[in-house]
Amino acid sequence: MSPKRAPAILVLEDGRVFEGEAFGAVGETFGEAVFATGMTGYQETLTDPSYHRQVVVQTTAHIGNTGVNAADEESRRIWVAGYVIHSAARVVSNWRATRGLEDELAVQGVVGICEVDTRALTRHLRSGGAMRCGISSLDTDPKALLAKVKASPSMAGANLLDEVTCAEPYVVPANGQRRFTVAALDFGIKRNTPRRMAERGIETHVLPASSTFDDIAAVNADAVFLSNGPGDPATADHQVAVLRELLARRIPVFGICFGNQILGRALGLSTFKLKFGHRGINQPVRDETTRKVEITAHNHGFAVGLPSREHEHSAVGPPAGETAAGAEFDTEFGRARVSHICLNDNVVEGLSCMDIPAFSVQYHPEAAAGPHDADYLFDRLTEMIGDNISA
Amino acid sequence: MPKRDDINHVLVIGSGPIVIGQACEFDYSGTQACRVLRSEGIRVSLVNSNPATIMTDPEFADATYVEPITPQFVEQVIARERPDALLATLGGQTALNTAMALHAAGTLDKYGVELIGADIDAIQRGEDRQRFKRVVATAGGEVPRSAVCHSMDEVRATVAELGLPVVVRPSFTMGGLGSGMAHTMDDLDRIAGSGLSESPTSEVLIEESVLGWKEFELELMRDRNDNVVVVCSIENIDPMGVHTGDSVTVAPSMTLTDVEYQRMRDMGIAVLREVGVDTGGCNIQFAINPADGRMVVIEMNPRVSRSSALASKATGFPIAKIAARLAIGYTLDEIPNDITRATPAAFEPALDYVVVKVPRFAFEKFPGADASLTTTMKSVGEAMALGRSFGEALQKAMRSAETSMPGLWTRPDPENVSLQASLESLRTPHDGWLYTAERALRQGATVADVAAASGADPWFVDQLAGLTQMRDDVAGATVLDRALLRRAKRAGLSDRQLAALRPEFAGEDGIRRLRHRLGLHPVYKTVDTCAAEFAADTPYHYSSYEDETEVAPSDRPKVMILGSGPNRIGQGIEFDYSCVHAVAALREVGFETIMVNCNPETVSTDYDTADRLYFEPLTLEDVLEVYHAEHDSGTAAGGPGVVGVVVQLGGQTPLGLARALTAAGLPVVGTPADSIHLAEDRGAFSKILSKANLPAPKHGTASTYAEAKAIAAEIGYPILVRPSYVLGGRGMEIVYDDSRLQSYITRATDISPEHPVLVDRFLDDAIEIDVDALCDGTEVYLGGIMEHIEEAGIHSGDSSCALPPITLGSGTIATIRGHTEALAHGIGVRGLLNVQYALKDDVLYVLEANPRASRTVPFVSKATGVSLARAATRVMMGASIATLRAEGLLRPHGDGGDLPSDAPIAVKEAVLPFKRFRTVEGRGIDALLGPEMKSTGEVMGIDAAFGHAFAKAQMATYGAVPDGGKVFVSVADRDKRAVVFPVKRLADLGFTVYATSGTGDVLRRHGIEYTPVRRHSDEHPDPALRDAVELIGSGELSLVINTPAGSAGVRTDGYEIRSAAVVVDTPCITTIQGAAAAVMGIEAMMRGDVTVRPLQELHAAMDAASPTRHRD
Ligand SMILES: Nc1ncnc2c1ncn2[C@@H]1O[C@H](COP(=O)(O)OP(=O)(O)O)[C@@H](O)[C@H]1O
Ligand SMILES: Nc1ncnc2c1ncn2[C@@H]1O[C@H](COP(=O)(O)OP(=O)(O)O)[C@@H](O)[C@H]1O
Ligand SMILES: [Mg+2]
Ligand SMILES: [Mg+2]
């Protein structure tokens, strides 16, 4: 129903072509095609640094209805490499909106495509796995575009931290009375994270991903937070090394997403690339300590391998039917356990150390966008800090 | 937590007759519950008075009680069955209220029955509006300011504080009965007045108005581990002030950012926990101020609701099914998502399509009713559609609703309505306002103008504007090329709409040919709960103009069953019942079943019912495309493809497609289209009658008053007149003299030689008889013969009837058999035939014959223990009645026409919606019954004796039968003798008798004292006496016995009386047989010897009577 737009095409590295119409900036773009199933929160998705270098396929039918507003930005810019949707809003309707989504995409030069059979595309990615793709509203010759797609870099083995992290440290003050200080390593942190901590009286010192142990120690924080971020955790050797020092010194650590993968590696676990990842805000995770299910926001293409059976991991996730629930394992920092799993596919969604103050989850307790079920994890952080201080 | 092992027997309460605000969605949820519980090895007992439901089929429960849903009867069932637990959260407000009463009466404790699904306190916290508001406050939420009032004085005091307008809402009523928006003090007195009387606790809530805000609903589920998921968010396009049941609604919500949506989700969950719904589903409504986002909680239903059914169909997440599992102890993470199989039910569905629901109204049936949409639900049904965009889903839903407007632009705009007028009419919400809005846009209104006038969010209005633009593109284009046509189809335009814009194609067939030539077909996507993240196991499809189809090839022989679309008066759940049975019958003999329907409330649109479900409009275009998709994929897979299309079971909707489908080469099974035409075309039909020399009322057709007058003179008054081109008794009237005939002709516009009026001799006080029969081309099997209790002239759908017939002699039965066989063969029926006869002076007249499943098929099946719909389906596929007898699907010998003398008697009673409607001035509407059907539902009473069965039917309708008080008696001369005995009994039982003079004299001569009352039509009324109609209207009476006699005057009296009685809910008996029966019933009730018996037992007894019958 959109007014006639310029034609555009999307080509996947395996040669499949999808036709559509230009959306956002007119041009050409490349990245890893991934699908996200959230029905709300496109603005948060677009501005989530974890989507850096990825072309996001939005499965929900209508995008842009509520426009964009400053308050819902999760970072300083839009990160997605390209944007694929079905129906673009013709008008904006929301009392908080300050401008239209398409203008925003155009201004930030983000190339998109609309009127695509996004369901067919999603089904293709589900069976073929996440793969490179290109979008063009300039040259709609599939062959030419395919060649360029094949030439573009792939996500496996990509280290993108330097591209998304903050240039300079900065501080997010606590709301009201400061209770604790946390040093947050910015691998692509979202604004809502310091906000959730500030609400609990935490002053957050956000540090660049490249920070050394001494940089961090200089803050002399009560705990260190490892943020979410893009790319392949297997390449983050520097961050793993720094983390191992922190753990050795029993400094309280809380990691999410990329941070969970870093902690996993520091504990001696492997990470692997999921076939098509988890990207949505309806993912059921069970907290093995309370046995309660929480509906959570996910955005990860990589995951931590199951401790017991690492070697059995293929690129398609854990062995079918196997559950990691509550699995305990030895690490050089003492006993640790799998604290959370995803009920859809048994992927490890959380780790917690039993002898040192450190835990992490693979998903997004700050949930922007997404349900707030996992907010309690920030309370666990303050508890951990409290216990550690009194200990 | 696994299933509880202390629950081995559960009693499920259904929701009773279909009424506005409580329709077949509860058959869907109840049926799912029964399936689930039994699959868990739990014994299921069921109480539901509605025979048209699937859930009351004997195979869905271990003990099925078709008995009144009153505490008294349910207690009897409990005493007989001794269940461990009671599940009442899937039977709507009726079941919930009954459970509350049983608890209050201590019955549940007495028999040690645990209420599962929701506990009493939770129900009260959720349903009691005042307590609920406190709950919301504790949960940190906001509600409209309000106060609960028990008297008009309290009401006025509150309004003095809140200021007008206010919303008035009675507690514990369903579908907003008795509620309304008061703009003036007069409104207030009126609405609050009736509200106080509607509420079982005689309390009303006076509430701050948030008129015009955006309205949303959330469907939530909670398990006993306190895991909560939000299944679906639904946004109303109509703003606050229009009942959600009457609103056009959309899922998922379209105009919320994540921040606002999560705020609503958090609040929903907090409220759910605070209310303490321990397990199961619930529905919470919110209002949001579009100006600043202020959010208030409106209400919650601590049970499965109409919206839950909608949400289940919209998402593929079966709320009722899961609620039943949760009720017996499972937790969400232990229950598999049966669409993906691989993942658990503990998740929130993600949609990659848009769902739109539109209400279906029936104002044309209720002249004088205020047709504006308010806080009281008035729609009688709904249609749902899915599409990959809002425009596509909206337009599919609009054509699914089967109103007089089959989609935008398909009818010319009303003459000279100015833009101002269009905008003005948008200020009052009304049926079809979307059409008005689109017209206003075309007339030059801006999106803002229309949004302001209608209160709809600008985003939705702009979507309409997009369609208007598409209209211009299509109408303006020099050629309709592939690109443009594809864009138009993606926007949801039907071929019919396109044809309206491009006359040169001479109708939708022309457009379809072009479209097919250009290779434009819809593809079929799948509802999979997860936006394709995981593979789906369930073929639940909807069409869309996209690239990739998901129809799985299959080489099995396929049969398509066309459903009946949205519920409406005259075509309701009964037809869905037959369709669901067709599926079962076809599956048994190895066909792949394909259901096509668009009614979200039904069992037929449960993806568990047929092998494949297509949630599609029942228009020629949409049905043809499903056929092509299924047939082509079938033959491509090396199979025979679609070998049959069943049009006979879904009522008039699919029947109306028979000719076009046949012409398009589809294998329509059963009675061929031409034969169907023979029965429906007046001329052809009378030829059949005369050939078989069957008597029909004298008749003729006229296109002018003069002609009509001449015919009337020839056949004599009273006459029955009706337009020739309508069905379902629309526009039928009984006319007694020339002057009324003239006024009818002048009122009935567009009468022409092409569209004449049909004039029939009206058979005065004749006995009407309904027959459902089966014909395989040679043999005719009578399913059942129903004798109406009201005389002919009251639509068969509105009159009560008894099966087997109570007064017909074997001679008459033989004649009925003969006539029916002659008709079946004359028409060429293969499958079901429904005939209505009128018996007068020992002549059996044929009123009409419908070569399709009728409204009474389920009633007959339950009364006789034979599934007619199943048998009919097999016959349509070629089986002979002899074969079916041998298989045990039909009785080995004999049929429903000669039931054993000890067979139980079943009585059907209609349930009428008059109470829901008010005139603009707020008076009750004219509740006259006549040849045009008005009832929304029906109940069945079944027992060994007629009196008992009749009493049960009355109780199922009115809640109780009188056990004392005042009875008014006024009968025709021929009944005067017969009425004496029953009235004497009533007097002896302690009733005080009121009567009109004629009747009274007879009574007094037999020593019965009475108070004289004057007849309403008296020319010279005696001022000393009370007027009969006024007396009834006062509601003092507990029973009315009035048998109308022939003359027009007395008959209208009878109608006045009947309508007065309906308005005040007083049982009113209009036949002498009925009176005798009622008295027997009253005695039985007062003696307390009316007992309950499950269908399984009753049917077993009947089988025993025909020993060689075996069931599978
Ligand atoms: N305070 C209010 N102001 C304006 N409209 C209201 C208000 N409360 C309810 N309504 C309207 O009345 C309808 C029915 O009210 P509701 O509380 O849902 O009763 P029920 O659904 O039990 O009939 C709602 O769908 C809404 O459109
Ligand atoms: N000639 C007649 N005399 C008396 N009553 C009639 C006559 N024709 C129809 N009726 C009454 O009108 C009702 C509706 O007429 P019918 O022909 O059955 O139309 P529909 O298609 O609505 O069922 C019947 O159920 C019957 O009660
Ligand atoms: Mg409501
Ligand atoms: Mg009829």
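As a basis for the values below, the full set of heavy atoms in this structure was taken, side chains included, without hydrogen atoms, waters or symmetry mates. Model, not experiment: these values are computed from the prediction. Throughout, protein chains are lettered first and strands after them, A, B, ... in sequence-line order, and every chain is numbered starting at 1.
Residues of residues 32-39 of chain A placed with any heavy atom under 4.5 Å of a heavy atom in chain B are listed by number as A/F35, A/T37, A/M39.
Neither the backbone nor the side chain of B/A451 comes within less than 4.5 Å of any heavy atom of chain A. For a residue to count as touching a neighbouring chain, one of its non-hydrogen atoms must lie under 4.5 Å from one of that chain's; by this rule B/S253 does not touch chain A. For A/V116, the part lying under 4.5 angstrom from a heavy atom of chain B is the backbone only. With a threshold of 4.5 angstrom between heavy atoms, B/L351 approaches chain A through its backbone and through its side chain. Neither the backbone nor the side chain of B/A488 comes within less than 4.5 Å of any heavy atom of chain A. If you measure heavy-atom distances from B/R388 to chain A, the contacts under 4.5 Å come from both the backbone and the side chain. For B/D226, the parts lying under 4.5 angstrom from a heavy atom of chain A are both the backbone and the side chain. Using a 4.5 Å cut-off between heavy atoms, B/Y261 touches chain A through its side chain atoms alone. Contact of B/A291 with chain A is made through the backbone alone, with heavy-atom distances under 4.5 Å.
A salt bridge does not link B/E334 to A/R286: none of the charged nitrogens lies less than 4.0 Å from a carboxylate oxygen.
Residues B/E546 and A/H86 have side chains that bring a donor and an acceptor to within less than 3.5 angstrom of each other. B/T255 and A/N65 share no donor-acceptor pair across their side chains, judged by distance under 3.5 Å alone.
Under the 3.5 Å distance criterion, the side-chain polar atoms of B/N225 are left unmatched by any main-chain donor or acceptor of A/K292. Here the side chain of A/N282 pairs no donor or acceptor atom with the backbone of B/F347 at under 3.5 angstrom. The backbone N or O of A/Y42 lies less than 3.5 Å from no partner atom in the side chain of B/D258, so there is not a single donor-acceptor pair. The main-chain N or O of B/D266 is never found under 3.5 Å from a side-chain atom of A/H372 such that the two would form a donor-acceptor pair.
B/T257 is listed as a side-chain neighbour of A/R96, based on a closest heavy-atom distance under 4.5 Å. Residues A/W95 and B/I288 have side chains in contact (heavy-atom distance under 4.5 Å, counting atoms from C-beta outward). Side-chain contact check for B/E260 versus A/N94: some heavy-atom pair is nearer than 4.5 Å.
Here OG1 of B/T343 is found 10.0 Å from CD of A/Q283. Values are rounded to the nearest 0.5 Å. Here the straight-line distance linking atom CZ of B/R490 with atom OG of A/S87 works out to 7.0 Å at 0.5 Å rounding.
The minimum heavy-atom distance between A/I295 and B/V228, with the atom names listed, is CG1-O, 4.3 Å.
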- request: Mind running side-chain contact (heavy atoms from CB on, under 4.5 Å) on A/R90 and B/V447 for me, showing each step along the way?
  value: CA-CA 12 Å; A/R90 297 159 29 101; B/V447 165; over 6 Å; no
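The side chain to side chain donor-acceptor pair (under 3.5 Å) check on A/R119 picks up B/D352, B/D528, B/E550, with sequence neighbours excluded.
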